[in-house]
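Taking it in order: structure first as structure tokens, then the write-up.
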Amino acid sequence: MSHQTAVILDFGGQYNQLIARRVREQGVYCEVKPYTTPVADLRAMDPIGIIFTGGPGSVYDPAAPQVDPEVFRLGVPILGICYGCQLLAHHLGGRVTPAQSDSAREYGKTETFFDTDCKLFRGLPPQSVTWMSHGDYMEKVPPGFCLTAHSAACPNVAISDEARGFYGVQFHPEVNHTAQGAAILHNFLYEICGATGDWTMGDYKETAIRRLREKIGTGKVLLALSGGVDSSVAAALLAEAVGQQLTCVFVDHGLMRLHEGDEVEAAFSKWNIRFLRVNAEERFLSKLSGVTEPEAKRKLIGQEFIRVFEQEARKLGQVDYLAQGTIYPDVIESGAGDAAVIKSHHNVGGLPDCVDFREIVEPLRMLFKDEVRQLGRALGLPEYLVSRQPFPGPGLAIRCIGEVTKEKLDLLRQADFIFRDEIAQAGLGESMNQHFAVLTNLRSVGVMGDGRTYDYALALRSVTTSDFMTADWTRIPYEVLDRVSVRLVNEVPHINRVLYDITSKPPATIEWE
């Protein structure tokens, strides 16, 4: 099935991925391309519309990113956002200058007034809030364009040339702060570009399975399965496509949460694939013996993973394809700016070149994280895998402060399970993006059963975040923390004190190590 496609030309805007997500949420497939993409390549994509992103530059600066004027002769609608709006004006006969006064610069929430006769704003209330972020000003509107939105400080918040299907907005419709942003993008896609909404995860699944079968044929596929969302969904998709031709190597390093290894294995039992679970706990713990420095732990675990995977891969003989769970944000970031070359993905956590394969297969490379989760559900993966929170590659080793031992890991596994269990019972799981327990290397005096104890302090960590670049600590109700604390000191041996980490990121990180 061939989907209608919208193209997003990236001019360095911080919201480029967010624009793509908002477009796909409207049921329209889209791809983010660098502004340097040749017009011939754009024409070959047969887009129903093009969106110019924002960007940090000023269009009148000779060094600022520009667009090939031929793009305006493709005969498809164009929506310019912020810098993209100014780019339209600059190339089509208008004039953009620095704002001459502070009042002409607009940042943040702004009361905006719309001309609802314009197709872009049809059906919207005539007045609403938008999110502005611009210091330049369209001093002269291009010939053929009308003013279709204004604010108290700016008479030309939006412009349109409806005859050619060209629209520009100074604000950011893709961010949640723009109250009618979704409706504006819907109008552009459906009322102006003629979208039919043919992008559904069910359609994508069937198309992806068919294409994988065509590409792989009778070849053998190898995938390093971590149990994370991306690798699990990639494995399930390949299992549907090629069955026994797929070998999944699941390296169980003994650093996973309670029952997690068994859950991963059980999730793939319904598919007729070759599933190799390598129980390497003793091997990893031996390497970690005496190691306390966090970065040293990470490197040792990564290197040992490579060695284990390499040994298992060699047993298989010739492998035609190496599969990876690369997702679209990785692809976009690796091609940012003028560096359009995608990073080499022939390594899974540093996979060595000596693993012999013919080609890389990345079945999720055009999907965002939320779409990967949707696909996982469509493939029948259990919810505990699909909705799995981020979990570090080194596992519990970096949530076990100081030296990592089997005894300390078992304590941490049990404590972490109790914390997550109480959060789930309280119905709070969806209100936080990551929550876990940390076994500190601190011991303190306590009293249990009229006797003195000298045991571990356990720390609890929970954060809410939209991007994991910054995070705020979660305000868990006291009564929930109380139940967690009571269970921990009663059910987990050698824990006599419970701490709650109330540090945001920054200055802290989400993980402790």
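All values derive from a computational prediction rather than experimental measurement.
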### Task
With sequence neighbours left out, write down each residue that passes ring pair (Phe, Tyr, Trp, His ring centres under 6.0 Å) with F436, or none if nothing qualifies.
none
### Side chain proximity check, H177 to V129, heavy atoms < 4.5 angstrom
no
### Those residues that, when tested against D115, pass salt bridge (charged side-chain N to carboxylate O under 4.0 Å, His left out) (two or more places apart)
none
### Query
Atom OG1 of T112 and atom CG of L124: how far apart are they, to the nearest 0.5 Å?
11.0 Å
### Query
Who pairs with Q4 by side-chain hydrogen bond (donor to acceptor under 3.5 Å, both in side chains), at least two apart in sequence or on another chain?
T196
### Sidechain N-carboxylate O distance under 4.0 Å for R377, E383
yes
### Task
Please name all residues satisfying side chain to side chain contact (heavy atoms under 4.5 Å, CB included) with H435, sequence neighbours left out, ordered by chain then number.
Q389, F419, R420, I423, M432, S462
### Test side chain to side chain contact (heavy atoms under 4.5 Å, CB included) applied to Q374 - qualifying residues, sequence neighbours left out
M201
### Query
P69: what forms a side chain to side chain contact (heavy atoms under 4.5 Å, CB included) with it, not counting sequence neighbours?
R73, H91
### Query
Counting only N and O atoms by type, is there a donor-acceptor contact under 3.5 Å from the side chain of N156 to the main-chain atoms of M138?
yes
### Query
Strictly under 6.0 Å, is that where the ring centroids of F52 and F11 end up?
yes
### Summary
Separation between CD1 (I78) and CD1 (I51), nearest 0.5 Å, reads 11.0 Å
### Query
Between D370 and R21, is there a salt bridge with N-O shorter than 4.0 Å?
yes
### Query
What distance separates I159 CD1 from C85 SG, expressed to the nearest 0.5 Å?
4.5 Å
#### Entry: Derivation of the side-chain contact (heavy atoms from CB on, under 4.5 Å) call for F275 and L225
CA-CA 9 Å; F275 185 96; L225 179 63; 3.4 Å; yes
### Message
What I want to check is whether the side chains of D501 and W512 have a donor and an acceptor closer together than 3.5 Å.
### Response
yes
### Query
Is it true that K33 and E31 make a salt bridge, defined as a side-chain N closer than 4.0 Å to a carboxylate O?
yes
### Message
Taking the side chain as everything from C-beta on, heavy atoms only, tell me whether E240 gets closer than 4.5 Å to L379.
### Response
yes
#### Entry: CD-CZ distance between E371 and F368, expressed to the nearest 0.5 angstrom
6.5 Å
### Message
Rounded at 0.5 Å granularity, tell me how far CD1 in I327 sits from CG in L367.
### Response
8.5 Å
### Task
Please name all residues satisfying side chain to side chain contact (heavy atoms under 4.5 Å, CB included) with D46, sequence neighbours left out, ordered by chain then number.
none
### Task
If a pair satisfies ring-ring contact (aromatic ring centres under 6.0 Å, His included) and one of its residues is in residues 200-239, list it, with sequence neighbours excluded.
W199-Y204
#### Entry: Residues that W271 engages under ring pair (Phe, Tyr, Trp, His ring centres under 6.0 Å), provided they are two or more places apart
F268
### Message
Restricting to side-chain hydrogen bond (donor to acceptor under 3.5 Å, both in side chains), what partner residues turn up for K215, sequence neighbours left out?
### Response
E359
### Task
Begin with the C-alpha distance, continue with both residues' side-chain angles, and end with the deciding distance and a verdict on side-chain contact (heavy atoms from CB on, under 4.5 Å) for V28 and I48.
CA-CA 10 Å; V28 178; I48 61 171; 4.2 Å; yes
### Query
Is any side-chain heavy atom of D230 less than 4.5 Å from a side-chain heavy atom of K369?
yes
### Donor-acceptor under 3.5 Å (Y384 side chain, V264 main chain)
no
### Query
Are any of the side-chain heavy atoms of R461 and V463 separated by less than 4.5 Å?
yes
### Message
If the test is side chain to side chain donor-acceptor pair (under 3.5 Å), which one of D472, T470, T465 qualifies with S504?
### Response
D472
### Task
Would you indicate whether the side-chain heavy atoms of P142 and D161 approach each other to under 4.5 Å?
no
## Note on the structure
So the salt bridge (charged side-chain N to carboxylate O under 4.0 Å, His left out) pairs with at least one residue in residues 83-98 (sequence neighbours excluded) are R95-E139
### Query
Side-chain contact, heavy-atom cut-off 4.5 Å: L238 with I216?
yes
#### Entry: Any donor-acceptor pair under 3.5 Å from Q434 side chain to F391 backbone
no
### Query
Around E214, counting heavy atoms of other residues, nucleotides and ligands shown, do more than 12 lie under 6.0 Å from its CD?
yes
Validation: residues 217-224 side-chain donor-acceptor distances under 3.5 Å, sequence neighbours left out:
none

### Task
Evaluate the side-chain proximity of E162 to K119: yes if any heavy-atom separation is below 4.5 Å, no if none is.
yes
### Task
Working to the nearest 0.5 Å, report the span between CG of L42 and CD of E70.
11.5 Å
### Message
Taking the side chain as everything from C-beta on, heavy atoms only, tell me whether R164 gets closer than 4.5 Å to F145.
### Response
yes
### Task
State whether a side-chain donor-acceptor pair under 3.5 Å links S231 with S226.
yes
